[in-house]
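What follows is a single structure, written as C-alpha cells, with notes after it.
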Protein chains: 2
Amino acid sequence: MMIERYSQILVEFFERMNSWEHGIVADRGISLPQMHLLEVVGNHGQIRMKDLASRMGVTTGTLTVMAHRLVTKGYLVKEKDPEDNRSSFVTLSVKGRREYEMHHHLHGHLIEEIVSFLGDERAASFFKDLEEIRELM
Amino acid sequence: MMIERYSQILVEFFERMNSWEHGIVADRGISLPQMHLLEVVGNHGQIRMKDLASRMGVTTGTLTVMAHRLVTKGYLVKEKDPEDNRSSFVTLSVKGRREYEMHHHLHGHLIEEIVSFLGDERAASFFKDLEEIRELM
DNA sequence: TGCAAATAGTTTGAATGTCAAGCTATTGAC
DNA sequence: GTCAATAGCTTGACATTCAAACTATTTGCA
C-alpha cells in the first residue's frame, strides 16, 4: 500500500530536516527556537513584539523571555514605540544580522543542491507541489 | 530568483508541518517529543534503550527521564533484559499502542488528502523526489 | 582466572522553552 | 472621564536537553 510508504517518507523527511537544521545551528551557540526568532525578524525587519509572537506561534510571555535572552547576548535590539508606550519593536543587531545572513545562506545552499540534483523542471514542479500541500495542511 | 522563493517554500512547509503535528498531539496531553518516542517504539516494536536513544537522536540521559515519565503515565512498559542485566527493553503498553495507532491513522489521513489532491501520478513523483532529497541532506 | 576496559543506563545540575494566569501600564471609545 | 481593550511582563509549573559524574554489569585478554 502506497499510503504507508508515503507516510514514512514524509515523517523521515521531516526528521531529517529537523536534524539538519539543528546541526547547522548547534555549533554557533544558538538554539533552534532562537534561530527561528532571528529568521522571522530578519525576514520581516522591524517588528512589534505582539506580531512577532503571533508569527512564531508562541505566547507573548514566552517571547518576552526569549527576546530578553537574545538582547543580552547581543543579537537583538529592542526599542519602545514612541507612538504607543505599551508597545516595543525588535530588530536584528549587526551581530544578529550576521547570524541571520549566514543561516539564510546555508538554506540557499541547500536549495541549490536540491535544484541541481532534480534539474530545473522537476524542481519547479516539486516546489509547486510542496507549496500547494502546505496550503492543504 | 528562484532560490529565494524555493527556500521560503521549504521553510514554511517545515513550519506548517511542525504546527500541524503539534496541533494533533497537544489536546491528547502528549508532547511532540513524547509522541515521537511512541512513534519510534511503535514502528520498531520492542527496542533497547540505547538503540531508542540513538534513533531519536537524544542522549541516554535524556531518554531515561522521558521514558520514565511515559512509564508513569502508562504509555510505555520497560523490562530488564534477562540476558544482560545492564540493559532494558521498552515496548508500548495497550494505552500507548492505542495512542500510536491513532496518531499513525492521522498521518495516513493526511497522506490520503495529499494523494487525492495531487493525483496518483504527481503524488508518486512528489514522494520520490522527497525521498531522494532526504538522502541528499 | 582475574582484572581492566567497555558498555548500558541513571542521576544531577544547568540552561532553555513553553504555557496559563495574573499583573501593570497605556490607549481608545463612548 | 471612566471603563474596556491592548501590549507586554512576571511567576510558577513542567518538559526537554546535554554534559559529566556515577553504578552495575559484561567482556576481553594477559
Side-chain angles (χ1 to χ4, degrees), chain A residues 15 18-19 21-23 25-41 46-91 99, chain B residues 15 18-19 21-23 25-41 46-91 99:
Chain A
E15 279 169 22
N18 213 351
S19 85
E21 197 75 18
H22 185 268
V25 129
D27 34 271
R28 305 207 53 81
I30 295 185
S31 72
L32 232 46
Q34 285 172 345
M35 193 63 220
H36 185 214
L37 189 157
L38 262 33
E39 241 178 323
V40 175
V41 178
Q46 192 182 55
I47 186 174
R48 215 175 280 278
M49 289 285 280
K50 186 72 193 308
D51 298 336
L52 180 53
S54 128
R55 285 200 186 218
M56 293 181 63
V58 299
T59 63
T60 59
T62 297
L63 182 57
T64 295
V65 178
M66 280 189 77
H68 183 254
R69 269 199 268 269
L70 287 170
V71 168
T72 303
K73 291 212 269 176
Y75 293 100
L76 210 59
V77 177
K78 196 168 161 186
E79 292 167 283
K80 270 234 153 79
D81 178 0
E83 319 262 283
D84 183 343
N85 274 302
R86 292 167 305 179
S87 187
S88 301
F89 288 104
V90 288
T91 38
E99 211 57 52
Chain B
E15 279 170 24
N18 213 351
S19 86
E21 196 77 16
H22 185 267
V25 128
D27 34 88
R28 305 207 54 81
I30 296 184
S31 73
L32 234 45
Q34 284 172 346
M35 193 63 217
H36 185 213
L37 189 157
L38 262 33
E39 241 177 323
V40 175
V41 178
Q46 193 182 54
I47 185 173
R48 217 176 278 276
M49 289 285 280
K50 186 72 193 308
D51 298 337
L52 179 53
S54 127
R55 286 201 185 218
M56 292 180 63
V58 299
T59 63
T60 58
T62 297
L63 182 58
T64 295
V65 178
M66 279 188 78
H68 184 253
R69 267 199 268 270
L70 286 170
V71 168
T72 304
K73 292 212 270 177
Y75 293 99
L76 211 59
V77 177
K78 196 170 163 187
E79 291 167 285
K80 270 233 152 80
D81 178 0
E83 318 264 281
D84 184 343
N85 274 304
R86 293 167 303 179
S87 188
S88 301
F89 287 104
V90 288
T91 38
E99 212 57 51

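Computed over heavy atoms, backbone and side chain alike; hydrogens, waters and symmetry mates excluded. To find a chain, count down the sequence lines: A is the first, B the second, and so on, and within it residues start at 1. Nothing here was measured: the structure is a model prediction, and the numbers come from that model.
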Next item on the list: In whole angstrom, give the distance that lies between atom NE2 of A:His36 and atom C1' of C:dT18.
Entry: 15 Å
Margin query: For a quick check of understanding: with a heavy-atom distance under 4.0 Å over all strands, which category does A:Gly57 fall into, base, sugar-phosphate or nothing?
Written below: sugar-phosphate
Margin query: Using the side-chain heavy atoms of A:Pro33, tell me which of these nucleotides is nearest: D:dT17, C:dG17, C:dT10.
Written below: C:dG17
Next item on the list: For A:Leu52 and D:dG8, give me the distance from atom CG to atom C1', rounded to whole Å.
Entry: 13 Å
Check: What is the distance from NE2 of B:His22 to C1' of C:dT18, rounded to the nearest Å?
Finding: 8 Å
Check: Are any non-hydrogen side-chain atoms of B:Leu76 and B:Lys78 less than 4.5 angstrom apart?
Finding: no
Notebook entry, point to check: Quick one: does A:Leu37's side chain get under 4.5 Å of A:Leu63's, heavy atoms only?
Noted result: yes
Item checked: Residue B:Arg48, side-chain heavy atoms: nucleotide from C:dG9, D:dT16, D:dG8 that is nearest -> C:dG9
Checklist line | A:Ile30 CD1 - C:dA15 P separation (whole Å) | finding: 18 Å
Check: Nearest-Å distance, CG (B:Leu37) to P (D:dT17)?
Finding: 10 Å
Notebook entry, point to check: Looking at DNA chain C, which of residues 63-75 of chain B put a heavy atom within less than 4.0 Å of it?
Noted result: B:Thr64
Item checked: Euclidean distance, atom NZ of residue B:Lys50 to atom P of C:dA6 [Å, nearest integer] -> 13 Å
Margin query: So, OP1 or OP2 of D:dT25: does either fall under 4.0 Å of a side-chain N or O from B:Ser87?
Written below: no
Next item on the list: Among C:dT16, C:dT10, C:dC19, find the nucleotide with the atom closest to the side chain of A:Val58.
Entry: C:dC19
Notebook entry, point to check: Counting only heavy atoms not in B:Arg55, do more than 12 fall under 6.0 Å of its CZ?
Noted result: no
Notebook entry, point to check: Side chain of B:Thr72, backbone of B:His68: donor and acceptor closer than 3.5 Å?
Noted result: yes
Item checked: Under 4.0 angstrom between B:Ser31 side-chain N/O and D:dA15 OP1 or OP2 -> no
Check: Closer to the 5' end of DNA chain D via nearest nucleotide, is it B:Gln34 or B:Gly61?
Finding: B:Gln34
Check: Do you know which two heavy atoms are closest between B:Ser87 and B:Arg48, and how far apart they sit?
Finding: OG-NH1, 2.7 Å
Next item on the list: Give a yes or no on whether the backbone of B:Thr60 and the side-chain of B:Thr64 come within a donor-acceptor separation of less than 3.5 Å.
Entry: yes
Item checked: Value in whole Å for how far the C1' atom of C:dA8 lies from CD of B:Glu79 -> 17 Å
Note to self: Regarding B:Lys80, tell me which of base, sugar-phosphate or nothing describes its non-hydrogen contacts under 4.0 Å with the strands shown.
What the structure shows: nothing
Check: Quick one: is C:dT10 close enough that its OP1 or OP2 comes under 4.0 Å of any side-chain N or O from B:Lys78?
Finding: yes
Check: Counting any heavy atom closer than 4.0 Å, what does B:Thr60 reach on the DNA or RNA strands: base, sugar-phosphate only, or nothing?
Finding: base
Margin query: Nearest 0.5 Å, please: how far is CE in A:Met35 from OH in A:Tyr75?
Written below: 9.5 Å
Item checked: Over all atoms of both residues, closest heavy-atom pair of B:Gln34 and B:Gly29 -> OE1-O, 4.4 Å
Margin query: How about NZ on B:Lys73, more than 12 heavy atoms from neighbouring residues, nucleotides or ligands closer than 6.0 Å, or not?
Written below: yes
Next item on the list: State, yes or no, whether a side-chain contact exists between B:Ile30 and B:Leu38 at a heavy-atom distance under 4.5 Å.
Entry: yes
Notebook entry, point to check: Within the structure shown, what part of the strands sits under 4.0 Å from B:Thr62 by heavy-atom distance: base, sugar-phosphate, or nothing?
Noted result: base
Check: Just how far, in rounded Å, is C1' of D:dT6 from CE of A:Met49?
Finding: 14 Å
Please tabulate the protein-to-nucleotide N/O contacts below 3.5 Å involving nucleotides 26-29 of chain D, giving atom names and distances.
unit_1	atom_1	unit_2	atom_2	d
D:dT26	OP1	B:Asn85	N	3.0

